[in-house]
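This report refers to the structure that appears directly beneath it.
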Amino acid sequence: MRIVLLGAPGSGKGTQAKLLVKAFGIPHISTGDLLRNAIAQKTSLGLEAKAIMDAGELVSDDIVLGMLKQRMQEDDARKGFILDGFPRNLPQAEMLENLLKELDQPLQFAVLIEVDEEEVVNRIAIRAREENRSDDTEAVVRNRIHVYREQTAPVAQFYQDKGLLSEVSGQGDIEAVHQRILALMRF
Ligand code: AMP
């Protein structure tokens, strides 16, 4: 199973990805997590990315693609993957298309999780307290939502045009959203 999860910050992509890992036994590949790991390890790319992430802007396509390529070539990703946080703009969507062609692993599903903006802001405020993420302050969250609307939302249309897009409501409890996503994969 090869899946891309799309949705605003706080829409539940990470949470749903973890449930899909259990359901399908394939890895969750989050570019946000790859970047946070690079920061924790104080690599030069991590140091370069940190200020950009803290401002809620997008890290350069080349940096993120480099990390993703490496991760996608690890053994566990041969069985499939749940991609979360990539692609974030149209150039990245094209890059992913090319990468998956090279790997001979075409995408099967792009799932857009839809949540109201108010709900997104509330959820992120809760996550800020739980995870202590430095990019979860209110001003940065508003910028991330703005960046999402301007740059990431068009990616849904990209997949719609390829006949790969499904939309699910991300409102309600976590298990209900999970079941909605599983239902898409079955039919
Ligand atoms: P996330 O954990 O997906 O919410 O990502 C946290 C932050 O990491 C984003 O606000 C961006 O600064 C950066 N980031 C994650 N994925 C990407 C990507 N595909 N392209 C550019 N920046 C990214």
Side-chain angles (χ1 to χ4, degrees), residues 2-21 27-73 77 81-100 107 110-115 117 119-159 170 174 177:
R2 294 180 294 276
I3 309 167
V4 161
L5 291 181
L6 302 171
S11 59
K13 298 187 298 294
T15 305
Q16 292 301 325
K18 289 187 181 87
L19 294 174
L20 292 170
V21 166
H28 168 204
I29 301 182
S30 151
T31 47
D33 285 350
L34 294 176
L35 287 162
R36 282 183 287 275
N37 280 344
I39 292 173
Q41 288 166 13
K42 299 192 164 51
T43 66
S44 57
L45 287 186
L47 294 176
E48 202 179 316
K50 183 169 179 3
I52 301 168
M53 290 171 74
D54 282 349
E57 299 291 333
L58 296 185
V59 176
S60 85
D61 293 343
D62 289 342
I63 291 185
V64 182
L65 183 71
M67 287 181 175
L68 180 70
K69 252 187 179 163
Q70 224 175 12
R71 179 65 187 88
M72 294 284 261
Q73 286 170 31
F81 51 79
I82 300 142
L83 199 49
D84 154 17
F86 194 100
R88 268 312 217 272
N89 56 26
L90 287 174
Q92 291 186 5
E94 298 281 0
M95 288 172 180
L96 181 63
E97 188 87 348
N98 292 335
L99 174 61
L100 295 181
L107 196 66
V111 179
L112 173 63
I113 305 177
E114 293 191 290
V115 176
E117 189 163 328
E119 173 76 10
V120 161
V121 174
N122 283 341
R123 287 186 188 182
I124 294 182
I126 295 169
R127 183 169 75 189
R129 288 194 291 274
E130 286 172 353
E131 294 180 12
N132 202 18
R133 268 177 60 162
S134 55
D135 61 349
D136 272 349
T137 62
E138 187 169 343
V140 176
V141 167
R142 298 239 173 244
N143 193 37
R144 286 167 60 211
I145 292 171
H146 171 77
V147 168
Y148 173 78
R149 275 207 222 101
E150 298 283 311
Q151 300 194 49
T152 312
V155 172
Q157 187 63 45
F158 175 93
Y159 289 117
I174 292 171
V177 178

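Values in this document were obtained by computation on a predicted structure and should not be read as measured data. Start at 1 and go down the list; that is how both ligands and their atoms are numbered.
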task = Could you tell me which atoms of ligand 1, counted from 1 in the order shown, lie closer than 4.0 angstrom to a heavy atom of Arg36?
result =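 Per the distance check, 2 (O), 6 (C).
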request  = For Gly32, take its heavy atoms, then give the atoms of ligand 1 lying under 4.0 Å from any of them.
outcome  =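 Here the atoms of ligand 1 in question are 2 (O), 5 (O), 15 (C), 16 (N).
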task = Tell me which part of Val64 gets within contact of ligand 1: side chain, backbone, both or neither, using heavy atoms under 4.0 Å.
result =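 Val64 to ligand 1: side-chain contact only, backbone stays beyond 4.0 Å.
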request  = Heavy-atom distances under 4.0 Å are what count here, so tell me which part of Asp135 touches ligand 1: side chain, backbone, both or neither.
outcome  =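 Near ligand 1, Asp135 shows its side chain, while the N, CA, C and O stay back.
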Non-hydrogen atom of Lys13 closer than 4.0 Å to ligand 1 =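 Heavy atoms of Lys13 never come under 4.0 Å of ligand 1.
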query = Are Arg149 and Glu117 ion-paired here, with the side-chain N under 4.0 Å from a carboxylate O?
reply =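 The answer is yes: the pair qualifies as a salt bridge.
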Please check this pair: side chain of [X] against backbone of [Y], looking for a donor-acceptor N/O pair closer than 3.5 Å.
X	Y	value
Arg144	Asp135	yes
Lys13	Gly7	yes
Arg123	Ser11	yes

query = Under 6.0 Å from the CD1 atom of Ile174, do we count more than 12 heavy atoms belonging to anything else shown?
reply =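 Atom CD1 in Ile174 is not crowded, with 12 or fewer foreign heavy atoms closer than 6.0 Å.
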Glu131 atom CD: more than 12 heavy-atom contacts under 6.0 Å =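 More than 12 within 6.0 Å, yes.
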query = In terms of residue, atom name and distance, what is the protein heavy atom nearest to atom 12 (O) of ligand 1?
reply =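 Of the protein heavy atoms, Glu57 O, 2.6 Å lies nearest.
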query = Closest non-hydrogen protein atom to atom 20 (N) of ligand 1, residue and atom name please, with distance?
reply =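 Ranking protein heavy atoms by distance from atom 20 (N) of ligand 1, first comes Gln92 NE2, 2.9 Å.
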Considering [options] one by one, which has a heavy atom nearer to [atom] than any of the others?
atom	options	result
atom 14 (N) of ligand 1	Leu35, Thr31, Val59	Leu35
atom 19 (N) of ligand 1	Ser11, Gly85, Ser60, Ala55	Gly85
atom 9 (C) of ligand 1	Arg88, Lys50, Met53, Arg144	Arg88

message = Going by side chain to side chain donor-acceptor pair (under 3.5 Å), name the residues that satisfy it together with Asp54, two or more places apart in sequence or in a different chain.
response =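 Scan of Asp54 (side chain to side chain donor-acceptor pair (under 3.5 Å), adjacent residues dropped) gives Lys50, Ser134.
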